[in-house]
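Structure first, commentary second.
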Amino acid sequence: MSGIYDVPCVQGFIRICMDGWEQGWHERNGGNLTYRMSEEDVEACRPYFKTPGDWVDMGVRAENQACEYFMTTGSGRYFRNTALFPDETFGIVEINDRGDAWRIVWGLENGARPTSEFPAHFMNHSVRKEVTGGTNRVIYHCHPVNVIALTFILPLTDRDFSRVLWQSMTECPVIFPEGVGVVEWMVPGGPEIALATCELMKKYQAAIWAHHGLFASGPDFDTAFGLAHTIEKSAEIYMHILSTGQPVRQTITDDDLRAVGKAFGVTMNEAFLD
Ligand code: 2HA
Ligand code: ZN
């Protein structure tokens, strides 16, 4: 191994950033990504660590994430630049033994800091780590056009969004059988949106932020990105249907959704089915 850019988690992090950019989900400095590193990831990257920066208090605390290491995009940095200027665009932070402060151990050069949504990511990592028995590692926030557009026309309920997304593309119920959560419009980067999202991420793998974007999680980059991609594609199909102005003649029924769930061995969220 010749450098930190040969470490698989670093390559995976760069790849998802560039994939999201190519999808058009990261205008300017939009979106953010964090990855909770495994012990092997940390050991592979450690030879390239620098003298750590000062501890910075997060204003939130998660004891189950004490001493973890996270890869994180930088506040104000552009996904578009990730491959070209990786060590300025993202970095690695270590969490202290109280689980309430970070310090930079690699990257985030030239005065960068972790994403403005780091406290939201951190608290949601805590929830997802707990409810998945430690398998969840990725939190990915993006600004996909059709998901955002839908938040202007559908009622802002988990049920309404889950049903529309399930019905617009056959394999959606297999990928997120529990549905998706919806957060009403809130100021980005603040504690309120972080806490509202945490409540939803106890039940769901993804939450939609009204008029803002999507917050998706997963055990690895492929799964988290794939979830965001699937949700956005389904929203896009629904928007295409609406834009024809034609009445919907047929759709996937609730019994069809149950049948897909049964065939693929997943438990559908019955609360959202009639
Ligand atoms: O600009 O997307 O939600 C980064 C963001 C904040
Ligand atoms: Zn955003």
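Counting starts at 1 for both ligands and their atoms, in listed order. Being a predicted model, the structure only gives us computed values, none of them experimental.
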>> When you compare the side chain of V138 with that of T223, does any pair of heavy atoms fall below 4.5 Å?
In response: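 No, side chains not in contact.
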
> Which heavy atom of R77 sits nearest a heavy atom of G111, and at what distance?
Replying inline: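 Looks like NH2-C, 4.1 Å.
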
>> Minimum heavy-atom separation for L156 and A210, please, with both atom names.
In response: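 Heavy atoms of L156 and A210 come nearest at CD1-CB, 3.9 Å.
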
> With hydrogens left out, which residues have an atom under 4.0 Å from ligand 1, given that only heavy atoms count?
Replying inline: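 Near ligand 1, by chain and number: N29, G30, G31, N32, E117, H141, H143, H212.
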
> How many protein N, O or S atoms sit closer than 2.8 Å to the Zn ion (ligand 2)?
Replying inline: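 Of the protein's nitrogen, oxygen and sulfur atoms, 3 lie under 2.8 Å from the Zn ion (ligand 2).
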
> Taking the side chain from S162 and the backbone from R159, do they hold a donor-acceptor pair closer than 3.5 Å?
Replying inline: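 No.
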
>> Looking only at side-chain N and O atoms, does S126 offer a donor or acceptor that is under 3.5 Å from a partner on N64?
In response: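 Note: N64 and S126 side chains meet the donor-acceptor criterion.
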
> Under 3.5 Å, is there a donor-acceptor pair between the H143 and H26 side chains?
Replying inline: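 Side-chain D/A pair, H143 to H26: absent.
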
>> Using a strict threshold of under 4.0 Å (side-chain N to carboxylate O), is an ion pair present between R258 and E270?
In response: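 Judged by the 4.0 Å cut-off on N to carboxylate O distance, E270 and R258 do form a salt bridge.
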
>> Centre-to-centre under 6.0 Å for W106 and F90, is that the case here?
In response: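 Centroid distance W106-F90: below 6.0 Å, so yes.
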
> Out of R46, R103, R36, which residue meets the salt bridge (charged side-chain N to carboxylate O under 4.0 Å, His left out) rule with E94?
Replying inline: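 Single pass found, and it is R103.
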
